[in-house]
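Beneath this line is the structure, given in structure tokens, with notes to follow.
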There are 2 protein chains.
Amino acid sequence: MDLEGCEVSGVDPDRVGAVRSALLPVEEAGRLAALFRLLGDPARMRLLYALLEAGELCVCDLAAVVEAPETNVSHALRLLRTAGIVKARRAGRRMHYALDDAHVRLLLDVSREHLRHAADATGRA
Amino acid sequence: MDLEGCEVSGVDPDRVGAVRSALLPVEEAGRLAALFRLLGDPARMRLLYALLEAGELCVCDLAAVVEAPETNVSHALRLLRTAGIVKARRAGRRMHYALDDAHVRLLLDVSREHLRHAADATGRA
DNA sequence: TCCATATATGAAAAGGTCTTCATATACTCA
DNA sequence: TGAGTATATGAAGACCTTTTCATATATGGA
């Protein structure tokens, strides 16, 4: 970061100062971004929707549902579990996964709404 | 994709079939993931929160607010604008940017809620 | 205990994204 | 029109993520 030149000049230095101090800190922004990045992969997205729909599924069935190799599913689930987005429950030699975060559920719904209503806004340059 | 072996075996082939046919299509999953990936970067996240707070800001002031070089801000804004997340308005030689999507606003709020309540859920392996 | 099954893990290859710098465009004002 | 300012763009390098393959762990049953 070098931020020379336009530092607090622009239009309204006071406003810049006000917004800057109200802005979420870099560390929080980083954590939020990490959450969104986790949702930012089609494979994981489909896993999450499968769990949203099914409630709970083992790795094997999840792989069948999303039509991906099980090792991929396992890798994906580890990331999601580490982030607290899904939880695992062992049942014999199977692992059952389920969503573990009400906010993520909400995020998924809101985003699907977005998809529906924003289809016409995509050609906007 | 090779999906041999566990195809529709697992526990419950019928359930797998049901969930699979209710699952959002790959193309939609891709578009949703693309949206989330766009939110998955700390720099863009801070820009979006700045706009959420300020309503509208020019590139210069945005750069000052998030403390990043203007060229980075410009690159980031292009991605966000192309996706219909922010909109641009020219005022003289300045460009003013603002959020252009109610759902994204919602997403930002929900996610910040998540951050607040999920601080204790992160050490869950 | 030995084998088969379900899942997890590590490391390397493949692919993507962010940052940076140099340069281009668009506008204002003199 | 010419100089200066605000923003945009392209391309290269650095960096990070996803996929793949081989292998490891854990469980249940014979």
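Lettering follows sequence order; numbering is per chain, from 1.
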ask   = If you check every side-chain atom of Arg90(A), which of dT27(D), dA6(D), dT7(C) has the closest atom?
value =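 So the nucleotide nearest the side chain must be dT27(D).
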
message = Closest approach to the side chain of Glu70(B), judged atom by atom: which nucleotide of dT7(D), dA8(D), dT7(C) is it?
response =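 Closest of the options to the side chain of Glu70(B): dT7(D).
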
Nearest whole angstrom, please: distance from the [atom2] of [N] to the [atom1] of [X].
X: Leu62(A); N: dA6(C); atom1: CG; atom2: P; value: 14 Å
X: Arg94(A); N: dA4(C); atom1: CZ; atom2: P; value: 18 Å
X: Met95(B); N: dT9(D); atom1: CE; atom2: C1'; value: 13 Å
X: Asn72(B); N: dT19(C); atom1: CG; atom2: P; value: 6 Å
X: Leu79(A); N: dT19(D); atom1: CG; atom2: P; value: 10 Å
X: Asp61(A); N: dT5(C); atom1: CG; atom2: P; value: 16 Å
X: Arg78(B); N: dT25(C); atom1: CZ; atom2: P; value: 14 Å
X: His96(A); N: dT7(C); atom1: NE2; atom2: P; value: 8 Å

Working to the nearest 0.5 angstrom, can you tell me the gap between [X] [atom1] and [Y] [atom2]?
X: Glu56(A); Y: Lys87(A); atom1: CD; atom2: NZ; result: 8.0 Å
X: Leu99(A); Y: Leu108(A); atom1: CG; atom2: CG; result: 7.0 Å
X: Ile85(A); Y: Leu35(A); atom1: CD1; atom2: CG; result: 5.0 Å
X: Met95(B); Y: Leu77(B); atom1: CE; atom2: CG; result: 10.0 Å
X: Arg105(A); Y: Leu51(A); atom1: CZ; atom2: CG; result: 9.0 Å

request  = Under 4.0 Å from any atom of DNA chain C, heavy atoms only: list the residues of residues 35-57 of chain B that qualify, in numerical order.
outcome  =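 Per residue number, the list reads Arg37(B), Asp41(B), Arg44(B).
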
task = Work out which heavy atom in Arg44(A) is nearest to a heavy atom in Arg37(A); give both atom names and the distance.
result =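 Arg44(A) and Arg37(A) have their closest heavy atoms at NH2-O, 3.3 Å.
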
request  = Mind listing the closest non-hydrogen atom pair of Ser111(B) and Tyr49(B) along with its distance?
outcome  =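 Scanning both residues completely, I find the closest heavy atoms to be OG-OH, 3.7 Å.
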
key: Arg93(A) vs Ser74(A), nearer the 5' end of DNA chain C by closest nucleotide   =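 Counting from the 5' end, the first nearest nucleotide belongs to Arg93(A).
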
ask   = Knowing that exactly one of Leu79(B), Val73(B), Thr71(B) qualifies, which makes a side chain to side chain contact (heavy atoms under 4.5 Å, CB included) with His75(B)?
value =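 It is Thr71(B), the one option of Leu79(B), Val73(B), Thr71(B) that forms the side chain to side chain contact (heavy atoms under 4.5 Å, CB included) with His75(B).
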
Terminal axes of the helix from dT1(C)-dA30(D) to dA30(C)-dT1(D) (five pairs each): angle between them, nearest 10 degrees =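 The angle, to the nearest 10 degrees, is 20°.
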
query = Under the 3.5 Å rule, do the base of dT9(D) and the side chain of Thr71(B) count as making a donor-acceptor pair?
reply =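 Yes, the side chain and the base share a sub-3.5 Å donor-acceptor pair.
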
message = Between the base of dT20(C) and the side chain of His75(B), is there a donor and acceptor pair under 3.5 angstrom?
response =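 Counting by modelled atom types and ignoring angles, a donor-acceptor contact under 3.5 Å is found here.
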
request  = Apply side chain to side chain contact (heavy atoms under 4.5 Å, CB included) to Tyr97(A) and Arg81(A), showing your working.
outcome  = CA-CA 9 Å; Tyr97(A) 282 87; Arg81(A) 192 183 31 171; 3.8 Å; yes

inquiry  = Between Tyr97(B) and dA6(D), is there a contact of a side-chain N or O with OP1 or OP2 at under 4.0 Å?
reply    =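 So the side chain of Tyr97(B) is outside the cut-off, no N or O lying under 4.0 Å from OP1 or OP2 of dA6(D).
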
